[in-house]
There are 2 protein chains.
Amino acid sequence: MKAQALHGHLDALLLAVLERGALHGYAIIEALRARSEGQLDLPTGTVYPALRRLERAGHVASAWSTVNGRERRTYELTDTGRRALADQRSGWREFSATVGRFLDPGPAPAG
Amino acid sequence: MKAQALHGHLDALLLAVLERGALHGYAIIEALRARSEGQLDLPTGTVYPALRRLERAGHVASAWSTVNGRERRTYELTDTGRRALADQRSGWREFSATVGRFLDPGPAPAG
DNA sequence: CTTCATAGGTAGGAAAGCTACCTGTCAGGG
DNA sequence: CCCTGACAGGTAGCTTTCCTACCTATGAAG
């Protein structure tokens, strides 16, 4: 699946995976891939800048932690981020309902 | 609702409204607004260029028709466009299912 | 002629994501 | 020590898409 279509929803996805616990960037990419059953395979060039955007916006906080002798920047949801996620969720429902009205025929899957 | 979030899905929406019959640009905007119950109120600066893109891609064909003594450019779905729409529909299902996996908790709407 | 509603159109700008590239650590093989 | 490969983080420049703002034009009302 093309991630280009994510436009505007990527941030929400990122917040959603962080909702289950702090992760470092690379692990976020893997979580996205795992939870989407391989549908979302985002390049680092997409995710890292997005995380920085989220941090600038105050939605996530990052901290360097040394794991296995290696520096990993771990991202964690802030309170603001949690609120933003809730917001994005309702935004997503509205959006998918609206677009679905046009693209999901709905009651006619038989054929 | 912000149409910015449409990114990449606008074309599909336009094809979807044209599926029900040929319309001119302005009428397409009104159809979008009507069928979305006011959620989608796209500016002409968004729709007209999009229609031209679709025409270049061969998904729609346009023809000038004189109605009420006025020239109106009427857009119609082509066969290619119909196929593209079907394609976009399945793309949309995949997309909404994938993003929904993260943003729709799903089985917990009671609350 | 001016104003309003309808209708079509363009230019320039901003945002988001992608491709391609670069840096650096740790482990294994030579 | 050097090289390679898997992991991890990061940046620059490009393209696409959509939006804001503006312009043109018709027909009716005054």
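Values below: all heavy atoms of this structure, side chains included; hydrogens, waters and symmetry mates excluded. Per chain, numbering begins at 1; letters A, B, ... match sequence-line order.
Closest to the A:R73 side chain, of the nucleotides D:dG10, D:dC19, C:dG17, is D:dG10. Taking only side-chain atoms of A:H7, from C-beta outward, the nucleotide of C:dG17, D:dC18, C:dG9 with the closest atom is C:dG17. Listed nucleotides: D:dT20, D:dC18, C:dG9. Nearest to the side chain of B:W64: C:dG9. Picking from C:dG17, D:dG10, C:dG8 the nucleotide with the shortest atom distance to the side chain of A:Y75 gives D:dG10.
Judged purely by atom type and a 3.5 angstrom limit, B:S36 uses its side chain to pair as donor or acceptor with the backbone of B:L40.
At whole-Å resolution of the value, CG in A:L51 and C1' in D:dG9 are 11 Å apart. Rounded to whole Å, the distance from CG on B:L6 to P on C:dA16 is 15 Å. Between B:H9 atom NE2 and C:dG17 atom P there is a gap of 11 Å when expressed in whole angstrom units. Look at CG on B:L42: it is 16 Å from C1' on C:dG9, rounded to the nearest Å. Atom CG in B:L54 sits about 15 Å away from atom P in D:dT16, given to the nearest Å. Separating the CG atom of A:D41 from the C1' atom of C:dG17 is a distance of 14 Å, rounded to the nearest angstrom.
Using a 4.0 Å cut-off, some side-chain N or O of A:R52 falls inside it from OP1 or OP2 of D:dT11. Considering only side-chain N and O atoms, A:R72 lies nowhere under 4.0 angstrom from the phosphate OP1 or OP2 of D:dC7. Contact check, A:Y48 against D:dG9: a side-chain N or O comes under 4.0 Å of OP1 or OP2. Regarding contacts with the backbone of D:dT26, every side-chain N or O of B:R70 stays at 4.0 angstrom or more from both OP1 and OP2.
Closest heavy-atom contact between B:L15 and B:G81: CD1-O, 4.0 Å. Shown here for A:D104 and B:R93, the closest heavy-atom pair between the two residues is OD1-NE, 3.2 Å.
Salt bridge A:R89/A:E19: present, at least one basic N to carboxylate O contact under 4.0 Å.
Screening B:R52, B:E76, B:E55 for a side chain to side chain contact (heavy atoms under 4.5 Å, CB included) involving B:V60 leaves a single residue, B:E55. A side chain to side chain contact (heavy atoms under 4.5 Å, CB included) with A:L18 holds for exactly one of A:L23, A:L85, A:L54; it is A:L23.
For residues 19-36 of chain A, proximity to DNA chain D is found at A:H24, A:G25, A:Y26, defined as any non-hydrogen atom under 4.0 angstrom from a strand atom.
For D:dG10, the base has a donor-acceptor partner in the side chain of A:T44 [N/O atoms by modelled type, under 3.5 angstrom].
Both B:E71 and A:G45 sit near DNA chain C, but only B:E71 has its closest nucleotide nearer the 5' end.
Side-chain atoms of B:S96 and A:S96 form no donor-acceptor pair, as typed in the model, at a separation below 3.5 Å.
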